Amino acid sequence: MRAHQGVLRTGAALLTAGLLAGCGLLSTEPEPRDRADGRPGDTSASPSPGLKETPKTPPLPAALTSQRPDWQRCEAPSGGSAPGSDWRCTSVDVPLDYAKPSGETIAVALIRKQARDKDRRLGSMLFNFGGPGGSGVEILPRAASSYEKLNSRYDLVGFDPRGVAASSGVNCRTDEEQEQAARSVDLTPDTAAEEAVFIKDGADFGAGCQRRSGKVLPHVGTANAARDLDLIREVLGDDKLSYFGFSYGTELGGTYAHLFPQNVGRTVLDAVIDPTADGVGHARNQATGFQRALENYLKDRGENPKAGSERIARMLARIDRKPLPTASGRELTESLAVTGIVTPLYSQSGWPALTAALDEAESKGTGDGLLQLADSYNGRDEEGRYDTQAHSQRAISCADSKARPTVDEARALLPEFRRLSPVFGPFLAWDTAGWCAQWPVDGEHETPETSAPGAGPILVIGTTGDPATPYEGAQRMADELGKGVGIMLTNKGEGHGAYGEGDCVTRAVDGYFLDGKVPQDGTTCG
């Protein structure tokens, strides 16, 4: 769930969730034209030309395509610790502007853990864990235990997309400015004065991005990240791209498939973004998805979902009028409270923490639990330092989307969004106006293009209780990819992301990546 100032974001470290059991049958037929050793082979009978072959993108110079990565011991990422000795890091130079491929370059940071079975190695598998703005260099080593089976035959490769962390990461404001905004900006403004502060803060954020990261700001969109993926594939020596994308990473994967269908290898998209939704449509989808997850939580608690939602909405209204005190001396505002409620809805394992935090706020009148949850989501540590994922997320989103709704348009959405979710609807309606307010860079499209005729089969996984990327979006992605390309797998369960949380989905994905077994389209787990 994205938000003004990047408060509520999809993906990254919140992906490993889902309740799984039982599964439909897998097809035993291999991918078309797989090699005898099981490596992904040519899957497109009549491939469409990739973007590099169109007049809009001149061919890349040999200085870029012939790079040989120099893998070295990894240094500790900012705010983190160095990975173990099995990991190596490098960078690949990519054009800052693909319209000028022989011009200025930037470096994209990579991290790799080599396949254990060298004799049966299938190639590299690239991961994107979402955001946008999540650092694959930082996340993959922490998440790698979930991919041990895949690591037997694949090199696990994480990367920081352009504009993220070590890859010319976008930086828009200081920790002090971030903290001041958290204290002073009401993300659901109730008065003309609050609306003015809300919009000014959005404009100030964009101006800060321009001052600090103006060189890369026009070039951090998803299409350029997909072009980087193809150059990385070539530099790593892979004929096809094997790719595992979560949350926003599914949009990146769909964009890649559209631009380079002939280079699509075994690809899995989990916790899938709806490619047919514009900015308002995404906000509408998330209002529906998070409300659905909240109601499932309330049912599990033995509470009437409608009554429970109205009770929480009334609590938020009280907090809006009078923020709750905390032991740290900071106040829990309505905006932070909404973030604290959203965070544990990403996974059913977080529901007990939500219960404890809500009970504290309602019975004790203090906000420590919700504030801790919000800080975790916002990337704020105990010293008041923030990570920059929110900066990258906003820059990438606004570089992608042409949508720039006005305050009047956001206000007009409020009745509909309150009906969709009395808890999250007002926040998401206002967010449509604040997110890219007076952004210094024009967006590329209304919605991303993900049609991929000629690509090999892409496994698309939708979880019925996914709050951040509702299930319906996965079916739309499968449809957009095209007949015979988008292979739909339904996971009946809760949470944002399905792989690794139960045998059914995990077995299907492993069978596809390792053996080329494509599940039957329409398979259901659970």
Side-chain angles (χ1 to χ4, degrees), residues 1-3 6-19 130 182 187-188 247 271 286-320 323-328 330-380 420-428 463-471 493-498 501:
M1 186 175 184
R2 68 162 209 202
V7 175
L8 307 179
R9 50 196 173 181
T10 57
L14 297 167
L15 281 166
T16 53
L19 216 56
L187 303 186
T188 55
S247 197
Q286 289 204 320
T288 300
F290 278 97
Q291 181 62 30
R292 182 186 293 159
L294 180 64
E295 291 180 0
N296 290 342
Y297 157 75
L298 291 167
K299 289 177 187 175
D300 186 74
R301 194 178 176 180
E303 189 170 357
N304 178 275
K306 182 178 180 180
S309 296
E310 291 173 350
R311 173 179 57 80
I312 293 171
R314 289 193 298 271
M315 180 195 74
L316 291 172
R318 292 194 300 271
I319 294 173
D320 189 28
L324 298 183
T326 70
S328 67
R330 297 163 61 207
E331 290 185 324
L332 179 79
T333 63
E334 179 194 23
S335 302
L336 289 169
V338 171
T339 311
I341 293 169
V342 158
T343 304
L345 290 178
Y346 273 81
S347 168
Q348 194 167 13
S349 64
W351 289 2
L354 178 57
T355 297
L358 288 175
D359 287 350
E360 178 205 356
E362 294 180 300
S363 63
K364 296 181 180 179
T366 56
D368 295 273
L370 287 173
L371 183 63
Q372 183 178 9
L373 290 167
D375 283 350
S376 173
Y377 204 123
N378 290 337
R380 184 191 190 277
L420 290 173
S421 174
V423 175
F424 308 113
F427 180 93
L428 285 161
T463 296
T464 55
D466 190 321
T469 52
Y471 169 76
E494 300 295 325
H496 186 47
E501 295 299 317

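The figures that follow rest on heavy atoms only: side chains count, while hydrogens, waters and symmetry mates do not. For clarity, every value in this text was computed on a predicted model and none was experimentally measured.
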Item to check | Non-hydrogen atoms of Thr463 and Ala498 that approach each other most closely | outcome: OG1-CB, 3.6 Å
Item to check | Nearest non-hydrogen partners of Ser328 and Asp368, listed with the distance | outcome: N-OD1, 4.3 Å
Next on the checklist: Can you give me the closest heavy-atom contact between Leu332 and Ile319, atom names plus distance?
Outcome noted: O-CG2, 3.3 Å
Item to check | Distance-only donor-acceptor check, side chains Ser347 and Ser349, under 3.5 Å | outcome: yes
Checklist entry - Which pairs, with at least one residue in residues 289-300 and sequence neighbours excluded, count as a salt bridge (charged side-chain N to carboxylate O under 4.0 Å, His left out)? => result Arg292-Glu472
Next on the checklist: Within this structure, what is the CG-CZ distance for the pair Leu358 and Arg301, rounded to the nearest 0.5 Å?
Outcome noted: 6.0 Å
Next on the checklist: By the ring pair (Phe, Tyr, Trp, His ring centres under 6.0 Å) test, which pairs, at least two apart or in different chains, include something from residues 352-371?
Outcome noted: none
Next on the checklist: To the closest 0.5 Å, what do you measure between OG1 (Thr333) and CG (Asp320)?
Outcome noted: 8.5 Å
Next on the checklist: With rounding to the nearest 0.5 angstrom, report the CD1 to OH distance, Ile312 to Tyr297.
Outcome noted: 6.5 Å
Checklist entry - So how far is it from Arg330 CZ to Asp375 CG, rounded to the nearest 0.5 Å? => result 4.0 Å
Next on the checklist: If you count every heavy atom of other residues, nucleotides or ligands that lies below 6.0 Å from Gln372 atom CD, does the total exceed 12?
Outcome noted: no
Item to check | Heavy-atom closest pair, residues Ala287 and Ser421 | outcome: O-CB, 3.7 Å
Checklist entry - When you look at Phe427 and Val342, which way does the side chain to side chain contact (heavy atoms under 4.5 Å, CB included) test go after all the steps? => result CA-CA 12 Å; Phe427 180 93; Val342 158; over 6 Å; no
Item to check | Ile341 and Met315: CA distance, side-chain angles, deciding distance, side chain to side chain contact (heavy atoms under 4.5 Å, CB included) verdict | outcome: CA-CA 12 Å; Ile341 293 169; Met315 180 195 74; 4.2 Å; yes
Item to check | Stepwise side chain to side chain contact (heavy atoms under 4.5 Å, CB included) test for Leu420 and Leu428 | outcome: CA-CA 11 Å; Leu420 290 173; Leu428 285 161; over 6 Å; no
Checklist entry - Is a side-chain donor or acceptor of Thr464 paired with a backbone partner of Gly493 at a separation under 3.5 angstrom? => result yes
Next on the checklist: Using every non-hydrogen atom in the two residues, find where Gly369 and Glu360 come nearest and quote the distance to one decimal.
Outcome noted: N-OE1, 2.8 Å
Checklist outcome for this item: Here the gap from Leu298 atom CG to Ser309 atom OG, rounded to the nearest 0.5 Å, amounts to 5.5 Å
Item to check | Check against side chain to side chain contact (heavy atoms under 4.5 Å, CB included), Asp466 and Tyr346 | outcome: CA-CA 7 Å; Asp466 190 321; Tyr346 273 81; over 6 Å; no
Next on the checklist: If you compare all heavy atoms of Ala313 against all heavy atoms of Pro422, which two are closest, and at what distance to 0.1 Å?
Outcome noted: CB-O, 3.7 Å
Next on the checklist: Let me confirm one number: the CG-CG distance from Leu336 to Leu324, rounded to the nearest 0.5 Å.
Outcome noted: 10.5 Å
Item to check | 4.5 Å side-chain heavy-atom contact, Phe290 and Val338 | outcome: no
Checklist entry - Residues in side chain to side chain donor-acceptor pair (under 3.5 Å) with Arg311, at least two apart? => result Glu303, Glu362
